[in-house]
Trainee: 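Sending over a structure as structure tokens; questions will come in a sec.
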Amino acid sequence: MTHALISKRDTMTHDLFARMREQVLIALRAIVPDLPDDIAARVEVTPNRDPAHGDMATNAAMVSAKAARQAPAKIAAGLVTYLGEAPDVAEASAAGPGFVNITLDPSAYRALIPVILRTGEHYGNSTTGAGIKVNVEYVSANPTGPMHIGHCRGAVVGDALANLLAKAGFEVTKEYYINDAGNQVTALAWAAYWRYLQAIGTPLSEEEFSDEIPGGLQYRGEYLIPVGNALAANHGTSLATNELGVAAPDIWIELVRSTTIDMMMTEIHTDLAQLGVQQQIFSSERALVASGAADTTIDRLAADGLIYEGVLEPPKGKTPDDWEPRPQTLFRSTQFGDDVDRPLRKSDGSNTYFANDIAYHADKLDRGYDILIDVLGADHGGYVPRMRAAVKALSGGTKKFEAVLCQIVHILRGGVPVRMSKRAGTYVTLSDLLDEVGKDAVRFTMLTRNADAQMEFDLDKVLATTRENPVFYVQYAHARIRSVLRAAAEILTPESITETALADADLESLQAEPELALMRRLSAWPRTAEGAALAREPHRIAFFLYDLASDFHMLWNRGKDDATLRFLQKDRPAETLARLALIAATAVTIRSGLAVMGVTPVEEMR
RNA sequence: GCGCCCUUAGCUCAGUUGGAUAGAGCAACAGCCUUCUAAGCUGUGGGUCGGUGGUUCGAGUCCACCAGGGCGCGCCA
């Protein structure tokens, strides 16, 4: 990971806002000598919405007024005097209730362009998370069938979040938890066994089989047919009775279960690869259960007095028909902020899913992570407080558990909901979706909404080539830039317009407002990426890129009205190189953002 | 009954963690193609930020209550 090589000092030079904040703090300490640290921490330098207020503003005077026992306006006046002398500052002025507005000298923005060109896609990296180990667990679909659209959002959000945290300097591990234990997997094995019996020509009908087995036939999808065929090919009729009926489970169930899971996981790996998701660690629940980790973890909690035998109250508001009080092994999660204590063992003494999951998270803690992030479906919201409690208990409060909840995605086609029924087999698989719209459109679109807001995914709109479709709009900006650079290679020489060569261009001629606006946007990328990482909100990247693309298209279009404003000017090579440097830096920044999202930039759109 | 999430322009959504006059796209209206990609760009109109109180220099953002929508609530995973 080369970004780890970028030192703090280098990173500071990348973020003009962070650099200005340092200057503001120096100025503030000169005015308020005994400035408390907690006040200093609240000082911000942020971009201004209204360009008339200058490029950036600081709240320093207002947040420090009370501690300094001075009026905000007075402190602001002092800051203005000090900052007015600072390098890169064209103008500083006090405004409103105590803001200090700062306008940078355009040279400060111009100086950023060679930095971007030399830094490449690492532009926007920071060291915020240096030394902090984060585990991001996502997808974690049960291996009971192919991945479908419901899994897709979590996969994309988790993957992009992990990339984003890595960009912010965290040491990130991407992980997948295979839920290959429990009743569902047993039911899956029975279903695969049915396909096996069919493959060897059983006389049983599907309903006869279903009536004969515990719990009935639950998974009827055709995707298990290949599993049945594989079992028949490898084992002949040896897993059935002589009459080709249901044999005693103990001769076949382990074999069928492991074969089925292996084949399903192979399929899931293929789906993930198609989606561009590559996790480093796959943890098996079955292996965890076999290791006895749940009991070990329960013992560990018991040693801290956090385990007891008790009876829970019936859930309120529901009509608990079959409810009866039974003693269970409970975890005192209420001591760590949960609503009720949670069962770790069922009344029959076997471990609950939660017990295994605590053991799994304990394992992650043992592997040295400081922050555990689970990307989950919104229907798992109720599970978050108990897991947070468990992580707190296991780590003595030193490690953090976080959850990113993904709300449901409604699939539409031309504005009409696509009906999905798992039983009828009409649900859309991830593979189908990727075949239809492609990895990049899926990933980008999934990141155009905050994860905890419901979203509509219109199969027609994500392929539309209009501004309405952000995927297209951003890709188009990148393609246009590449197109201009290709044309430039004809006029100039290919060597003269490499990113390295453009980094040495004289940029003095970049003075027009739309050019400065684009440079201002570029300068906001580091703080945008860092803020998105800290907020765990990868969708901010999509919005940033959309705004960046908009700034670029605006600039491009000026050449429509006035030919002297085009990027390529045959008789003015110096200006041409300056403009090329600007848009090449824009392309670099777009690629930097797309890399976080896992979207491949396009070179042309013909 | 309790807990979590959501409510911003006619529609779909942002809103830089409490900052100044709340922003985009779509839809509506008016413009821009002999051109580095018009698959684009410019402009106009459109708001009681669900409601009522509170916290403070300052609230769409934080707190309380209320209304509406979604999700969840022992021995499923």
Side-chain angles (χ1 to χ4, degrees), chain A residues 17 42 44 46-50 52-53 57 59 62 65-66 71-72 95-99 101 142 179 181-185 285 311-318 320 322-326 328 330 338-343 345-348 350 352-354 356-357 377-385 405 407-408 448-450 452-456 458 461 464-470 472-473 476-477 479-481 483-488 491 524 527-528 531-532 534-535 539-540 542-544 546-547 550 553-561 563 566-569 579 583 604-606:
Chain A
F17 295 88
R42 289 178 56 203
E44 292 184 321
T46 54
N48 282 329
R49 281 200 198 111
D50 187 347
H53 292 141
N59 60 353
M62 288 176 289
K66 202 170 269 180
F99 287 105
N101 289 326
N142 290 345
N179 291 130
N183 299 337
Q184 288 183 6
V185 175
E285 182 186 4
V311 178
L312 289 174
E313 292 292 307
K316 294 185 174 109
K318 288 204 326 186
D322 56 346
W323 193 90
E324 48 184 293
R326 284 179 186 161
Q328 296 174 276
L330 300 172
D338 200 1
D339 296 330
V340 291
D341 292 336
R342 304 291 175 175
R345 291 200 177 104
K346 305 173 192 174
S347 46
D348 67 4
S350 64
T352 60
Y353 174 83
F354 181 49
N356 289 330
D357 222 12
D379 54 346
H380 287 69
Y383 153 100
V384 173
L405 298 180
Q407 292 285 346
I408 198 163
T448 54
R449 293 282 179 277
N450 196 328
D452 67 16
Q454 290 185 20
M455 92 178 278
E456 296 190 342
D458 194 311
K461 281 186 185 161
T465 54
T466 64
R467 179 169 189 167
E468 189 184 358
N469 177 9
F472 161 76
Y473 191 69
Y476 185 33
R480 263 185 162 171
I481 293 170
S483 171
V484 171
L485 289 170
R486 280 192 297 273
I491 297 171
R527 70 188 308 279
T528 301
L534 293 175
H539 75 282
R540 292 190 194 182
F543 281 92
F544 173 82
Y546 186 82
D547 290 341
S550 178
H553 286 304
M554 184 193 300
L555 187 61
W556 192 95
N557 212 67
R558 289 197 321 150
K560 286 288 175 191
D561 301 328
R566 287 181 208 157
F567 302 122
L568 302 178
Q569 299 294 326
R579 290 174 184 178
I583 64 170
E604 59 180 341
M605 305 212 63
R606 290 189 196 284

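A, B, ... follow the sequence lines: proteins, then strands. Residue 1 opens every chain.
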Trainee: Using a cut-off of under 3.5 Å, enumerate the N/O to N/O pairs linking the protein to nucleotides 14-17 of chain B.
Mentor:
from: B:rA14; atom 1: OP1; to: A:Asn450; atom 2: N; distance (Å): 3.1
from: B:rG15; atom 1: OP1; to: A:His539; atom 2: NE2; distance (Å): 3.4
from: B:rU16; atom 1: O2'; to: A:Arg527; atom 2: NH1; distance (Å): 3.1
from: B:rU16; atom 1: O2; to: A:Arg527; atom 2: NH1; distance (Å): 3.2
from: B:rU17; atom 1: OP2; to: A:Glu44; atom 2: OE2; distance (Å): 3.2
from: B:rU17; atom 1: O4; to: A:Ala535; atom 2: N; distance (Å): 3.3

Trainee: State which residues pass side-chain hydrogen bond (donor to acceptor under 3.5 Å, both in side chains) with A:Arg345; sequence neighbours excluded, sorted by chain then number.
Mentor: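 A:Arg345 satisfies side-chain hydrogen bond (donor to acceptor under 3.5 Å, both in side chains) with A:Asp295, A:Asn351 once adjacent residues are dropped.
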Trainee: Is the shortest side-chain N/O distance from A:Lys346 to OP1 or OP2 of B:rC76 below 4.0 Å?
Mentor: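 Answer yes for this pair, as a side-chain N or O of A:Lys346 is under 4.0 Å from OP1 or OP2.
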Trainee: Backbone N or O of A:Ala524 within a donor-acceptor pair of the A:Thr528 side chain at under 3.5 Å?
Mentor: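 At least one qualifying donor-acceptor pair exists.
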Trainee: When all nucleic acid strands are considered with a 4.0 Å heavy-atom cut-off, which category describes A:Ala181: base, sugar-phosphate, or nothing?
Mentor: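 Sugar-phosphate: the residue A:Ala181, judged by heavy atoms under 4.0 Å, touches backbone atoms but no base.
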Trainee: Under 4.0 angstrom, heavy atoms only, what part of the nucleic acid is A:Met554 near: base, sugar-phosphate, or nothing?
Mentor: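 Since only primed, P, OP1 and OP2 atoms lie under 4.0 Å of A:Met554, the category is sugar-phosphate.
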Trainee: Examine B:rG19: is either OP1 or OP2 under 4.0 Å from a nitrogen or oxygen in the side chain of A:Arg42? Give yes or no.
Mentor: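 Answer is no, no contact under 4.0 Å.
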Trainee: Is the backbone of A:Tyr476 close enough, under 3.5 Å, to the side chain of A:His553 for a donor and an acceptor to pair up by distance?
Mentor: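 Answer holds: no.
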Trainee: Residues two or more places apart in sequence or in another chain: which of them pass side-chain hydrogen bond (donor to acceptor under 3.5 Å, both in side chains) with A:Asp341?
Mentor: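 Here the qualifying residues are A:Tyr308, A:Thr334.
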Trainee: Any side-chain donor paired with an acceptor under 3.5 Å for A:Arg527 and A:Thr46?
Mentor: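 The answer is no; no qualifying pair exists.
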Trainee: Which part of the nucleic acid does A:Tyr473 contact within heavy-atom distance under 4.0 Å: base, sugar-phosphate only, or nothing?
Mentor: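 Touches sugar-phosphate only.
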Trainee: In whole Å, measure the gap between the P atoms of B:rA67 and B:rA24 for me.
Mentor: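 So the two P atoms sit 36 Å from each other.
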Trainee: With heavy atoms under 4.0 Å as the rule, sort A:Ser347 into base, sugar-phosphate or nothing.
Mentor: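 If one applies the 4.0 Å heavy-atom cut-off, A:Ser347 turns out to touch a base.
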Trainee: Got a sec, which residues hit side-chain contact (heavy atoms from CB on, under 4.5 Å) with A:Val340, two or more places apart in sequence or on another chain?
Mentor: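 A:Arg342.
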Trainee: For atom C1', what is the distance between B:rC66 and B:rG45, given to the nearest Å?
Mentor: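 My reading of the C1' atoms in B:rC66 and B:rG45 gives 35 Å.
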Trainee: Would you classify A:Asn142 as touching base, sugar-phosphate or nothing, given that sugar-phosphate means primed atoms plus P, OP1 and OP2, and contacts are heavy atoms under 4.0 Å?
Mentor: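 If one applies the 4.0 Å heavy-atom cut-off, A:Asn142 turns out to touch the sugar-phosphate alone, with no base involved.
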Trainee: How is A:Ala464 classified with respect to the nucleic acid when contacts are heavy atoms under 4.0 Å: base, sugar-phosphate, or nothing?
Mentor: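 The answer is nothing, as A:Ala464 stays clear of every strand by at least 4.0 Å.
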Trainee: Reading RNA chain B from 5' onward, which residue's closest nucleotide shows up sooner: A:Gln407 or A:Leu312?
Mentor: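 On the 5' side of the pair lies A:Gln407.
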Trainee: Do you know which of A:Ile583, A:Val484, A:Ile481 makes side chain to side chain contact (heavy atoms under 4.5 Å, CB included) with A:Trp556?
Mentor: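 When A:Ile583, A:Val484, A:Ile481 are each tested with A:Trp556, the side chain to side chain contact (heavy atoms under 4.5 Å, CB included) holds only for A:Val484.
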Trainee: At under 4.0 Å between heavy atoms, what does A:Gly381 touch on the DNA or RNA strands: base, sugar-phosphate, or nothing?
Mentor: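 No contact.
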Trainee: Among B:rA77, B:rC57, B:rC41, find the nucleotide with the atom closest to the side chain of A:Asn183.
Mentor: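 Taking heavy atoms from C-beta onward, the closest nucleotide is B:rA77.
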Trainee: Rounded to whole angstrom, note down the P distance from B:rG10 over to B:rG51.
Mentor: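 The same atom, P, in both gives a distance of 13 Å.
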Trainee: Which value, in whole Å, describes the distance between the C1' atoms of nucleotides B:rC11 and B:rU16?
Mentor: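 About 26 Å, rounded to a whole number of Å.
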Trainee: Excluding sequence neighbours, so at least two apart, what forms ring-ring contact (aromatic ring centres under 6.0 Å, His included) with A:Phe99?
Mentor: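 Result, ring-ring contact (aromatic ring centres under 6.0 Å, His included) vs A:Phe99: none returned.
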Trainee: When you measure from the side-chain N and O atoms of A:Arg467 to the phosphate of B:rC41, is any distance below 4.0 Å, counting only OP1 and OP2?
Mentor: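 For B:rC41, OP1 or OP2 has a side-chain N or O of A:Arg467 closer than 4.0 Å.
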Trainee: Could you provide the dot-bracket string of RNA chain B, using ( ) for intrastrand pairs, [ ] for crossing pairs and | for bases paired to another strand, with Watson-Crick or G-U pairs below 3.5 Å?
Mentor: (((((((..((((.....[...)))).(((((.......))))).....(((((..]....))))))))))))....
Trainee: B:rU37 phosphate, OP1 or OP2: any side-chain N/O from A:Ser483 under 4.0 angstrom?
Mentor: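 Affirmative; the distance criterion is met.
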Trainee: Taking the C1' atom in each of B:rC26 and B:rG46, what is the distance between them to the nearest angstrom?
Mentor: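 Nearest-Å result for B:rC26 against B:rG46 at atom C1': 13 Å.
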